[in-house]
Amino acid sequence: MINMWKKRIGEAVKFSVVISTGTLIATAFWYLITLISNGCDILSAQIPYVTLWEILAIGIVCGFGTELILHGCDMPLNRWVRRIFLHYVFVTTVVLVCGYFFGWYKLSISGVFLMCLTSAAVYVFTFSLRGINDGKTAKKMNDKLEERKRMKK
């Protein structure tokens, strides 16, 4: 039982790291766009210290939510698709609510649209990284199985 919880917490932490990284990249991108559109000097630009903690907070909330919502992949495809949709809505809601309270965007149609677009980009980034990682793990497992088969012959 304890090992199961350790594993789930470990997975949540992994998701948190990937989501925080994606959010950091998205934040850096939007800061760059904002600086360029305002004609500011990029080299002397500074990011508020609290923004780093805000990024981490969103990563942790979304990471643990991801583990709760997407835990257990052995299910029919239609159920999995519903979970993915629910998860996307959860992540986007967290980003919209937190982003608004953190002052990352103004409450307007374009502000909400751009936050949803950013959330979708981070979502794709996160799933791509996890997919690559899962693919490497699966390859290692298959290689070990092949090695065991050869040893038994």
Side-chain angles (χ1 to χ4, degrees), residues 1-40 42 45-142 145:
M1 181 77 159
I2 292 175
N3 284 339
M4 179 195 67
W5 282 108
K6 277 184 179 179
K7 185 177 179 186
R8 290 197 66 188
I9 289 171
E11 285 298 309
V13 169
K14 286 179 190 176
F15 277 120
S16 296
V17 168
V18 174
I19 292 167
S20 294
T21 302
T23 304
L24 178 63
I25 292 167
T27 303
F29 173 78
W30 284 115
Y31 266 114
L32 178 65
I33 297 297
T34 302
L35 290 170
I36 290 171
S37 65
N38 290 336
C40 297
I42 295 169
Q46 297 179 9
I47 184 171
Y49 174 75
V50 72
T51 302
L52 300 173
W53 292 105
E54 294 166 348
I55 292 168
L56 185 58
I58 284 178
I60 290 169
V61 170
C62 290
F64 278 80
T66 297
E67 177 57 25
L68 289 173
I69 294 170
L70 297 182
H71 179 72
C73 7
D74 298 334
M75 63 184 73
L77 181 62
N78 63 343
R79 203 163 150 220
W80 181 247
V81 170
R82 285 195 304 261
R83 274 207 193 177
I84 293 290
F85 178 75
L86 172 68
H87 179 251
Y88 177 74
V89 169
F90 165 76
V91 167
T92 302
T93 301
V94 168
V95 169
L96 283 172
V97 170
C98 290
Y100 175 74
F101 285 109
F102 295 158
W104 290 1
Y105 72 99
K106 294 190 181 349
L107 196 56
S108 65
I109 292 172
S110 62
V112 171
F113 175 74
L114 289 173
M115 284 300 286
C116 288
L117 185 65
T118 303
S119 177
V122 172
Y123 197 86
V124 168
F125 171 80
T126 301
F127 265 83
S128 297
L129 278 183
R130 287 298 300 201
I132 290 167
N133 186 42
D134 291 349
K136 287 179 182 178
T137 301
K139 183 176 178 355
K140 285 180 186 177
M141 290 172 68
N142 285 334
L145 287 171

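Atoms considered below: every heavy atom in the structure, side chains included; atoms not considered: hydrogens, waters and symmetry mates.
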Ring-plane angle category for Y88 and Y123, please: parallel below 30°, perpendicular beyond 60°, tilted otherwise.
perpendicular

Are L52 and L56 side-chain neighbours, meaning at least one heavy-atom pair lies under 4.5 Å?
no

Report yes or no: is the cationic atom of R8 (NZ for Lys, CZ for Arg) under 6.0 Å from the centre of the six-membered ring of W5, at an angle within 45° of the ring normal?
yes

How long is the straight-line distance from NZ of K14 back to CD1 of I9, given to the nearest 0.5 Å?
13.5 Å

Between the main-chain N or O of C62 and the side-chain N or O of T66, is there a donor-acceptor pair closer than 3.5 Å?
yes

Are any non-hydrogen side-chain atoms of F15 and V18 less than 4.5 angstrom apart?
no

Take a 6.0 Å sphere around OH of Y100 and say whether it holds more than 12 heavy atoms from other residues, nucleotides or ligands.
no

Is there a side-chain contact between T23 and V95 in this structure, where contact means two heavy atoms from C-beta onward sitting under 4.5 Å apart?
no

Note, L114 side chain near Y105 side chain (heavy atom, < 4.5 Å):
no

Supply the atom-to-atom distance L32 CG to C40 SG, rounded to the nearest 0.5 angstrom.
11.0 Å

Between CG of L35 and OH of Y31, what distance do you get to the nearest 0.5 Å?
9.0 Å

Separation of H87 NE2 from I69 CD1 (nearest 0.5 Å):
5.5 Å

Which pair of heavy atoms, one from F90 and one from G65, lies closest together, and at what distance?
CE2-CA, 3.6 Å

Which value, rounded to the nearest 0.5 Å, describes the distance between L68 atom CG and E11 atom CD?
12.5 Å

Any side-chain heavy atom of V61 within less than 4.5 Å of one from C98?
no

Nearest heavy atoms of G63 and I19, plus distance in Å:
N-CD1, 3.7 Å

Using side-chain heavy atoms (C-beta onward) and a distance below 4.5 Å, is I58 in contact with E54?
no

Counting distance only, does the side-chain N/O of T92 pair as donor-acceptor with the main-chain N or O of V89 below 3.5 Å?
no

Quick one, V97 with F101, criterion side chain to side chain contact (heavy atoms under 4.5 Å, CB included). Give me CA distance, side-chain angles, the key distance, then yes/no.
CA-CA 6 Å; V97 170; F101 285 109; 3.8 Å; yes

What orientation do W104 and F102 show, parallel under 30°, tilted 30 to 60°, or perpendicular over 60°?
tilted

How many angstroms lie between atom CZ of R83 and atom CG of N78, to the nearest 0.5 angstrom?
12.0 Å

Return the minimal non-hydrogen interatomic distance between M115 and G99, and the atom names on each side.
CE-CA, 4.2 Å

Does atom CD1 of I42 have more than 12 heavy-atom neighbours from other groups under 6.0 Å away?
yes

Ignoring hydrogens, what is the shortest heavy-atom contact between I55 and S20? Give both atom names and the distance.
CG2-O, 3.5 Å

